[in-house]
Amino acid sequence: SATALFVGAGASMPKIYVSGTVEASGSKTAGTASTAIDIAAGASVPTISNAGKIIATASAGDGTAVAIQDRSGTVTLVENSGTISATGATADSGRNLAIDLSGAATGVTVKQTAVASGFAAPAITGNILLGAGDDTLDVADGTVTGVTSFGAGNDTLKLSGDAVYDGKLLFGSGSSVMTMTGTSVF
């Protein structure tokens, strides 16, 4: 297993801001994981903001790649204007996890923001797991590729601008809303 950035139990910070690259690779066998950002149970980090690259790569199909994992249940906002990517595990295995916020008991928001002309469009590649609260995936630009599992709660998917969602949505047991504006594509 490999971890690039670990926030341990007892640590508390208002935000993780990435403007460069946080990258982990090497998971080859079952039971191992390459994790770019791992927030442990007992830590507190309410916001992750990415303007760079958060990348996890499994180097063989039996491995697991996790770009962002929050085991603390404290992350309520992930903002992305860069790249968040989890790849390398066998396709459709459920082990390429771009964002795992499944431990959240309250609502979380994953927001992919529009970038200025001339900059690379933002991207999230890999599955997104959300928790038991009222969750929102708000994509204003770029691409999201993978399966999003909203969990329980009243959940919202917003696509706007020229955003493209390529994958499956698994809404939970609450009411769910999906809106599309601009030239967005699902």
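Note that the structure is predicted; figures quoted are calculated from it, not measured.
To the nearest 0.5 Å, atoms CG (L101) and CD (Q69) are separated by 10.0 Å. In this structure, L157 CG and L137 CG are separated by 5.0 Å, a value rounded to the nearest 0.5 Å. In this structure, the separation between CG on N80 and CD1 on I68 is 7.5 Å, given to the nearest 0.5 Å. The line from OG1 of T90 to CG of N96 is 8.0 Å long, rounded to the nearest 0.5 Å. Taking CD1 from I55 and CD1 from I37, the interatomic distance works out to 11.5 Å, rounded to the nearest 0.5 Å.
A side-chain donor-acceptor contact under 3.5 Å links S34 to the backbone of G26. Listed for the S72 side chain is a donor-acceptor partner under 3.5 Å among the backbone atoms of T74. Looking only at distances, a side-chain donor or acceptor of N50 sits under 3.5 Å from a matching main-chain atom of T83. With hydrogens and angles disregarded, no donor-acceptor distance shorter than 3.5 Å links the side chain of D141 to the backbone of A121. Using modelled atom types, one side-chain atom of Q112 and one backbone atom of T143 make a donor-acceptor pair closer than 3.5 Å. A donor-acceptor pair under 3.5 Å links the side-chain atoms of S1 to the main chain of A33, judged by distance alone.
Here R95 pairs with nothing under the salt bridge (Lys or Arg N to Asp or Glu O under 4.0 Å) rule; sequence neighbours left out. Residues satisfying the side-chain contact (heavy atoms from CB on, under 4.5 Å) criterion with N127, sequence neighbours excluded, are L97, V147. Scored by the ring-ring contact (aromatic ring centres under 6.0 Å, His included) test, F186 finds Y165 as partners (sequence neighbours excluded). Under the rule for a salt bridge (Lys or Arg N to Asp or Glu O under 4.0 Å), D138 has no partner lying at least two apart in sequence or in another chain.
F119 CZ: 12 or fewer foreign heavy atoms inside a 6.0 Å radius.
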Show me the donor-acceptor pairs within less than 3.5 Å that the side chains of residues 169-183 make with the rest of the protein, sequence neighbours left out.
{"from": "S175", "atom 1": "OG", "to": "N154", "atom 2": "OD1", "distance (Å)": "3.0"}
{"from": "T183", "atom 1": "OG1", "to": "G161", "atom 2": "O", "distance (Å)": "3.4"}

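Residues in residues 145-171 take part in no salt bridge (charged side-chain N to carboxylate O under 4.0 Å, His left out) pair, two or more places apart or across chains.
Closest of all the heavy-atom pairs between S81 and P122 is C-CB, 3.7 Å.
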